[in-house]
Amino acid sequence: MDFDFLDRQLLNVTRDAVAQFKNVVEGARPNDKELRALYKRIRPYEHTRALDAEFVVAAVDGSGEFPVLQQDDVFLHFAIAAGAGYRTESHRQHKLTSLHALNPIVKQYVLLSDDSRVVIESYKQYLQALTGLTLKDLVKASDYCEVFNRFSREKLNPGQVTWERFPFAKASQVATHAYLLRSMAELGMALHMLEDKPRYLLLDTSLVYFFLGEQPYLPELLKRALITRAAHQGTGVVALCKSHNLPNGDLIARHAKDELGHKDHWYLRLPSEALGEPIPAFLQDREIPPKLSVSYLFKFHATSFPMRIDVDAQWWQQTIGGDEGREAAFFNDLDYTCHEVRSYGYPYPMRVAHRSASLTKQERKALKDILLQQAQREGLMRGVLAADPEELHMGGM
Amino acid sequence: MDYGEIVDALGRDEFFGVLAGASTTEIVVYARNLDTSIGDLFLIPSDRGGERIYLFRMTQYANVLRREEDMDPMAKNLLAMDDPYYADDFQQDQMLRLSGTLLGYSEVGTSGRWSFKSPRKLPAHLSKVYKVGHGSEEAVGRQQGCLAELLSTQLGHGVFVGHLLAGERALTSVPVSIPGEYFAHHLGIFGRTGTGKSNNLMVLIRSIYANNQRLHRLPRAQWGPNDRLVSLFAVDPHDEFAKWKPGSNGGICKLVADMTPAERAALVEPFYYLSCREQSGIQADPSIAAFGRRVRLHRKDIAPEDVISIMEFSDIMSSAAEAIGDEYGEDWISAILSGDVQPDENLIHKASLAGLNRRLGFLAGSRSNLVPNGTAYESSLTELVLALESGRVLDVDTSLMTEVEQFLLTTVVARTLFALRKALKSSRDTASFMGTGRNLGEIDRHLAAQTSLKAELKARLGAPGSPYVDTEGRLRGLGELPAVNIIVEEAPSILNPARLRFGSVFRDISRQGRKFGLGLTVVSQQVTEIDDGILSQINTEITLALGNEDERQAAVHTASNDIFPFKRELQVMGIGQAILSASYKGVPIPLQIPHFD
């Protein structure tokens with residue numbers, strides 16, 4: 001940047017921006033009545049020392065380099081998704097035992113260009129590589145059309161879910177594709193992890209459906225396929241959001257601690273439209289809880305901050321169904337997975353999946369080096385081997 | 001073994017780690033979570049730019065977890081949180097991060113042999129790293145075999161000093177030696193008390209005998225390029241080298257007993273043990289009776305520079321001593337002590353004369369065991385010099401000598417040998433060395449004042465069996481004579497800068513002794529107290545654990561190779577562990593000196 005940090009005008013606009021930020025935050029504050037109602041829903045649960053029954057827990061996370069190579073309007077993306085599966089062994093020395101000697105990991109390159117035919121073809125191949133399924137298989141195996149129609153005036157039948165109806169952005173809209181590719185990789189891996197028959201499958205995301213009832217969207221189709229298949233085998237898909245996005249959620253955590261004496265090990269189920277409950281005004285239009293879902297604000301341990309989980313409402317009704325004992329048992333199970341020393345306060349399988357999937361700075365560099373070496377062998381000397389155009393421009397070329 | 005065979009031999013066992021980073025200053029290896037220790041050696045085969053085996057020595061390591069930057073929070077969790085546990089994958093995530101120095105690499109030279117080179121090149125990315133000493137005994141044997149071959153040019157032959165040390169493990173199949181030739185150069189043995197200096201000397205004595213026995217068995221034409229007989233003047237302040245420690249099988253007496261009669265005749269006789277004790281007392285001890293002699297000097301053997309080298313002398317006193325020496329020759333001490341010397345107004349001031357009297361007081365009357373007062377010339381010096389010129393190890397018991405007497409004996413022997421070697425080098429033939437009729441020989445020029453000693457020396461050196469004359473009566477060259485090494489124990493007492501300020505026999509020997517085949521072994525607990533001029537002439541150092549930072553710093557500064565990476569270890573090395581550095585070796589070598597027993 002090239003400006004004076006003491007410039008009067010900059011100081012003024014900064015002050016205005018902060019004031020505006022404050023207004024918006026405070027404007028989203030629940031009113032006292034809403035807060036009191038929420039406070040009443042806070043429930044403590046016991047720190048988990050032992051389990052009544054052992055279970056399998058799996059987790060998935062994704063990462064990638066979007067794009068890893070670019071020339072003109074051609075983009076090569078690299079997506080990764082990793083899974084981790086553990087069995088609890090609450091009476092043994094190692095309280096969690098790996099299901100696999102090597103955790104599964106998928107690494108895929110996806111080539112996109114501004115030619116929409118190339119985009120669709122690439123996504124077709126990508127979906128096949130991730131799930132081994134065609135679009136038709138996926139629609140058939142999920143309740144996507146059914147739940148779509150709950151929120152849509154125009155009915156969608158399975159035959160109408162085609163590649164052409166998906167709203168693919170231009171390849172040059174890199175951020176949109178990055179989200180799409182990463183979500184698909186994660187959901188594809190999640191489908192794969194169901195084979196371990198886990199009691200819980202943890203995802204590092206939310207269960208939000210932005211386009212449900214408006215237009216078909218590939219990640220949402222995959223999400224429903226996952227939830228449908230999980231429900232059939234009794235697996236609960238638990239989407240864990242480290243950012244709860246609850247306006248003034250800190251007020252609730254403070255109340256739990258200061259007024260109720262629960263510095264940790266508490267949860268609060270938010271009113272859910274999927275359960276036919278009225279939504280407080282401050283949460284309306286915020287997708288909290290998301291459509292078809294039940295959400296909890298909760299805190300595992302004093303060392304971690306309040307987080308949110310979304311679970312599918314249908315699974316919730318079958319498994320918990322408003323029973324506080326079963327609800328507490330659910331949190332006891334999750335709490336148990338948070339006691340590994342490397343990730344105390346956060347489910348260890350999630351930590352492992354994240355660790356497996358994430359690319360360090362050095363790994364990103366090494367990946368590019370490998371690609372460039374390959375590109376050199378293939379005679380791709382123009383563009384890909386040149387410095388980034390912006391870097392060149394800014395460097396004074 | 002060629003490169004492929006070595007890689008195959010190493011590859012039969014699990015590799016220990018993978019090279020993560022390599023620069024000219026540091027090597028970083030990620031390794032399995034297995035037992036290791038500072039100083040471990042690793043082999044890194046790499047064929048980038050040529051088939052080479054790199055040698056890495058680990059100087060630091062850390063426990064790390066795969067993909068975890070910081071273990072502090074985990075430790076805190078274990079301590080403070082309720083019911084923390086490890087998942088079963090914790091063990092597979094445990095790794096070691098090793099870092100250290102690339103000592104160099106070996107590659108096959110034009111001669112077809114492996115030669116070791118300084119680290120001017122680096123191994124390729126992610127090369128596999130093999131630890132020497134890891135795995136089954138069979139695997140360790142293979143690793144040692146590879147290492148011995150790769151380092152053959154560095155390990156040397158001749159006088160064994162110890163086994164290559166990898167971490168805490170002495171690689172008994174990888175002996176490290178100093179060629180005999182380099183005992184004519186100067187050696188430093190530095191280490192604080194209790195680190196094994198005496199044991200080191202004892203091992204050296206055994207190895208010198210072994211070297212001499214080996215060469216005795218070989219025709220001279222088959223000697224290697226740096227092979228040479230070695231003579232050692234071993235000052236023994238605790239009278240332990242002959243019999244070694246109580247409970248042992250014996251020291252030199254055992255080594256000598258194990259020799260064949262021919263070896264004893266060639267390498268030991270007529271004596272190896274010298275003491276101030278009466279001959280009858282020596283004879284009474286059966287273990288040394290056959291090869292023990294009473295050692296004595298005569299005042300006539302002592303030159304002014306001998307006492308100037310070992311005692312505090314002012315400039316004026318030194319001049320006075322030299323002037324008296326010029327006037328009275330070999331009788332200068334008797335002249336001073338008997339009051340024959342008269343002060344004058346030029347060089348011999350009254351105060352200087354009084355000072356000289358005081359300094360030489362230890363030789364007056366019958367005060368000295370080493371230099372008894374006697375009119376007739378009776379001295380061991382000739383026998384002693386002849387023995388050293390014949391490839392002998394002399395164990396000189398100085399336990400009954402005062403410190404000054406010990407230094408005096410060492411100085412007189414060193415100066416006399418130095419003078420004889422110089423005379424020999426200056427001579428064309430026996431006649432020019434000995435002199436004929438009225439023509440003075442080189443021996444007369446270099447031992448100008450010691451008339452009595454010269455007479456004995458001439459008689460013995462001219463006689464059959466003289467070490468200076470070959471079987472055909474020709475004067476031997478210096479290269480044919482043994483490398484003579486003189487141990488200077490408690491070196492700081494006579495090799496400190498203040499003592500050397502006005503000149504010293506040892507300063508001359510340190511500067512020039514090498515070319516005359518005469519070396520010093522400087523033994524000290526302190527490096528800092530020794531004159532820089534002397535230190536700069538030492539080109540082989542055996543550095544054991546040192547007591548303080550200053551000494552370690554000085555040892556690093558003095559070493560003939562860069563031993564900076566070993567500096568921290570100099571503080572913690574165990575008994576007998578040492579770093580061998582030498583100007584003729586490309587790399588400092590960690591050693592485990594074995595117990596003599």
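Numbers restart at 1 for each chain; the letters A, B, ... are given by sequence-line order, proteins then strands. Source: prediction; values computed, not measured.
- Using a cutoff of 4.0 Å between basic side-chain nitrogens and carboxylate oxygens, B/E5 and B/R142 are not scored as salt-bridged.
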What would the table of donor-acceptor pairs between chain B and chain A look like if you include every N and O pair under 3.5 Å, whether backbone or side chain?
| residue | atom | partner | partner atom | Å |
| --- | --- | --- | --- | --- |
| B/R67 | NE | A/R355 | O | 3.4 |
| B/R67 | NH1 | A/R355 | O | 3.0 |
| B/R67 | NH1 | A/S358 | O | 3.0 |
| B/R67 | NH2 | A/E363 | OE1 | 2.9 |
| B/R67 | NH2 | A/E363 | OE2 | 2.5 |
| B/E68 | OE1 | A/R351 | NH2 | 2.4 |
| B/E68 | OE2 | A/R351 | NH2 | 3.1 |
| B/E68 | OE2 | A/R355 | NH1 | 3.0 |
| B/N77 | ND2 | A/V341 | O | 3.0 |
| B/D82 | N | A/Y344 | OH | 3.2 |
| B/D82 | O | A/Y344 | OH | 2.3 |
| B/D83 | OD2 | A/H47 | NE2 | 2.7 |
| B/D83 | OD2 | A/R49 | NE | 3.2 |
| B/Y85 | N | A/H339 | O | 3.0 |
| B/Y85 | O | A/V341 | N | 2.9 |
| B/Y85 | OH | A/Y336 | O | 2.7 |
| B/Y86 | O | A/H94 | ND1 | 3.4 |
| B/A87 | N | A/E340 | OE2 | 2.7 |
| B/D88 | N | A/L96 | O | 2.9 |
| B/D88 | OD1 | A/S98 | N | 2.9 |
| B/D88 | OD1 | A/S98 | OG | 2.7 |
| B/D88 | OD2 | A/S98 | N | 3.2 |
| B/D89 | OD1 | A/R342 | NH2 | 2.8 |
| B/D89 | OD1 | A/Y348 | OH | 2.8 |
| B/D89 | OD2 | A/Y86 | OH | 2.4 |
| B/D89 | OD2 | A/Y348 | OH | 3.0 |
| B/D93 | OD2 | A/R342 | NH1 | 2.9 |
| B/D93 | OD2 | A/R355 | NH1 | 3.2 |
| B/D93 | OD2 | A/R355 | NH2 | 2.6 |

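- Interface remark: A/A302 contributes no atoms to any contact with chain B (heavy atom separation under 4.5 Å).
- Using a distance-only test at 3.5 Å, with no hydrogens or angles considered, no donor-acceptor pair links the side chain of B/W114 to the main chain of B/A148.
- Checking side-chain atoms of B/Q577 against main-chain N and O of B/L165 turns up no donor-acceptor pair under 3.5 Å.
- Between the B/R52 side chain and the B/G49 main chain, a donor and an acceptor come within less than 3.5 Å of each other.
- Partner of B/D40 under the salt bridge (Lys or Arg N to Asp or Glu O under 4.0 Å) criterion, chosen from B/K131, B/R169, B/R57: B/K131.
- Within a 6.0 Å sphere centred on CZ of B/R48, other residues, nucleotides and ligands contribute more than 12 heavy atoms.
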